[in-house]
Amino acid sequence: MTKTVFILNGPNLNLLGQRQPEIYGRETLADIETACAEVAADLGLATRFFQSNLEGEIVEQVHAARAEAAGIVINPAAYTHTSVAILDALKAFDGPVIEVHLSNVHKREAFRHHSYVSLRADGVIAGCGSQGYLLALQRLSALLS
Ligand code: CA2
């Protein structure tokens, strides 16, 4: 049976491609979704791509993943640095979790250097732009095989 991977995106990522291209690139989130679907299909995985500006909606997607997903790719955006709620939800998910950041958060402000989600993530990819999502899918595929 085809395994499904949830790809979860946090606040303001819906604005990708519209502002700050020097930090986040020129691609839109829709471009990333398309690329993820293509790579996942090649890996034999199905994807559910989701973005929300609301912390609780991301928590609920992680809860849904408990029954519906084999693995999670998550860019929690600003919630990376603040959200114990998303961390706790991820701790209740049994499959592999890969955390992705478009920018190299360690090259940026000190408040971006700490991630609550990294306390649960099985892998972390930062600074590889949108390619980071595709690398995360490859890693999940390896972990799920
Ligand atoms: O580098 C990343 O992927 C981040 O998760 C992006 C977050 C930031 O808070 C994290 O520290 C690192 C911010 C996403 C906001 O994206 C925008 C895109 C275009 C215009 C405005 C915001």
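Both backbone and side-chain heavy atoms feed into the values below; hydrogens, waters and symmetry mates do not. Just so you know, ligand 1 is whichever comes first in the structure, and atom 1 is the first atom listed for that ligand.
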| About how many Å separate CG of Leu8 and CD1 of Ile58, when rounded to the nearest 0.5 Å? | 7.5 Å

| message | Is it the case that ligand 1 has an N or O less than 3.5 angstrom from some N or O of Ser103? | response | yes

| Hey, is ligand 1 close enough to Arg19 that some N/O pair sits below 3.5 Å? | no

| task | Answer with side chain, backbone, both or neither: which part of Ile23 has a heavy atom less than 4.0 angstrom from an atom of ligand 1? | result | neither

| note | Rounded to the nearest 0.5 angstrom, the SG-CG distance for Cys36 and Leu43 is 10.5 Å

| Between the side chains of Asp31 and Thr28, does any donor sit under 3.5 Å from an acceptor? | yes

| said: When you group the ILVMFWY residues by side-chain heavy-atom contacts below 4.5 Å and let the links chain together, are Leu144 and Val39 in the same group? | reply: yes

| Reported CD1-to-CZ distance for the pair Ile125 and Arg139, which is rounded to 0.5 angstrom | 9.0 Å

| query | Do you know which of His101, Glu99, His81, Arg120 makes side chain to side chain donor-acceptor pair (under 3.5 Å) with Ser115? | reply | Glu99

| note | Closest to atom 2 (C) of ligand 1 among protein heavy atoms sits Leu102 N, 3.3 Å

| query | Under 4.0 Å from any heavy atom of Ala78, which atoms of ligand 1 are there? | reply | 9 (O)

| said: Measuring from atom CD of Gln51 to atom CD of Glu33, what distance do you get when rounded to the nearest 0.5 angstrom? | reply: 11.0 Å

| Does any N or O atom in His101 lie less than 3.5 angstrom from one in ligand 1, N or O only? | yes

| remark: Among non-hydrogen protein atoms, atom 15 (C) of ligand 1 lies closest to Asn12 CB, 3.7 Å

| Can you tell me which residue and heavy atom of the protein come closest to atom 12 (C) of ligand 1, and the distance to 0.1 Å? | Val105 CG1, 3.7 Å

| Shortest non-hydrogen contact from Ala40 toward Thr47 | CB-CG2, 3.4 Å

| field | Atoms of ligand 1, numbered as shown, that sit under 4.0 Å from any heavy atom of His81 | value | 10 (C), 11 (O)

| remark: For atom 8 (C) of ligand 1, the closest protein heavy atom turns out to be Arg112 NH1, 3.2 Å

| Any Gln18 heavy atom less than 4.0 Å from ligand 1 | no

| remark: Of Tyr24, Tyr133, Tyr79, Phe111, the residue with the heavy atom nearest atom 13 (C) of ligand 1 is Tyr24

| When you check the side-chain N and O atoms of Asn9 and Tyr133, is any donor under 3.5 Å from an acceptor? | yes

| Which heavy atom of the protein is the closest neighbour of atom 21 (C) of ligand 1, given with residue, atom name and distance? | Gln20 OE1, 3.5 Å

| message | Closer than 4.0 Å to some heavy atom of Leu13 - which atoms of ligand 1 meet that? | response | 14 (C)

